[in-house]
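What you see is a predicted model; the values in this text were computed from it and never measured. Whatever order the structure lists ligands and atoms in, that order sets their numbers, starting from 1.
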Amino acid sequence: MQIEIEELAKEFGASRALHPVSLSIPSGALIALLGPSGSGKTTLLRILGGLEFPSSGRVRFDGQDATDLTVQQRRAGFVFQHYALFKHMTVFENIAYGLRARKRAHRPPEGEIGRRVNHLLDMIQLPDIGARYPSQLSGGQRQRVALARALAIEPRMLLLDEPFGALDAKVRKELRQNLRHIHDSTGLTTIFVTHDQEEAMELADFVVVMSMGRIEQVGRPADIRAKPASDFVRQFIM
Ligand SMILES: Nc1ncnc2c1ncn2[C@@H]1O[C@H](COP(=O)(O)OP(=O)(O)OP(=O)(O)O)[C@@H](O)[C@H]1O
Ligand SMILES: [Mg+2]
């Protein structure tokens, strides 16, 4: 799905989280939103997903104005840093949840749900953990399951807010590769929030550098890298 962000701004009371920002995201792209704490990354992501309303401006999905779309109609798959899985449900039940919660007319039969969940467990490279509970998983495994759960609803886009932020470097790298692989095989438009420059450079097709509620740079990782390091430092210190 192609996403068009037009002059989108957000104020919380007297403070501006987003100055008017505009950005065109091609269908199927993997975008990293990179920037320091408080630069507006989460705010932008939440507006796209319908969890937050903009103060002005608009978003278009495949050319259509998304202003009046509900969270459900936007069909975004979310993964957050601390995306609590349901503790009392197994991994299988967690992943199946979004499908089973659908109204009867849209709910796939149980056999189909089972096939889908097993396919997703394969995609996250954890085929054998369906019967486990979240407390029996490592942090990295939990985030993989959160990713599978986000994919289960057949989203039109994936919105990921520092999903690997709490994990150690080795696990982060593995999950990054897994996400890249899933992205390439599903072709889902994916927006990945991070404040880790290396992670953004390694993972994304395009990097969007944010600072103080503004978009400072947009480019392929190589273009961003080509900027002198001092530019980066300046942006991040300001
Ligand atoms: N619900 C809210 N009420 C008031 N201010 C808010 C709210 N959400 C965000 N803000 C403010 O908006 C600005 C941008 O916040 P946002 O959470 O988008 O930043 P971020 O780039 O995601 O930061 P981090 O890397 O720390 O998650 C900050 O100044 C923040 O304090
Ligand atoms: Mg944030």
Residues Leu8 and Pro54: closest non-hydrogen pair is CD1-CB, 3.6 Å
Please check this pair: side chain of Ser211 against backbone of Glu216, looking for a donor-acceptor N/O pair closer than 3.5 Å. no
Salt-bridge test for Asp196 and Arg172: reply yes if a basic N is under 4.0 Å from a carboxylate O, no otherwise. yes
Any salt bridge linking Arg58 with Glu4? Criterion: basic side-chain nitrogen under 4.0 Å from a carboxylate oxygen. no
At less than 4.0 angstrom from any atom of ligand 1, which residues have a non-hydrogen atom? List them by chain and residue number. Phe12, Ala17, Pro36, Ser37, Gly38, Ser39, Gly40, Lys41, Thr42, Thr43, Glu162
CG on Leu45 to CG on Leu159, rounded to 0.5 Å: 4.5 Å
State whether Glu110 and Arg100 are salt-bridged, where the test is any N-O pair (Lys NZ or Arg NE/NH1/NH2 against Asp/Glu carboxylate O) under 4.0 Å. yes
Do Tyr133 and Phe86 have ring centroids that are under 6.0 Å from one another? no
Indicate yes or no for a side-chain donor-acceptor contact from Arg180 to the backbone of Leu203 under 3.5 Å, with no hydrogens or angles considered. yes
Do the charged groups of Arg60 and Glu6 touch, with an N to O distance under 4.0 Å? yes
What's the count of protein N, O or S atoms under 2.8 Å from the Mg ion (ligand 2)? 1
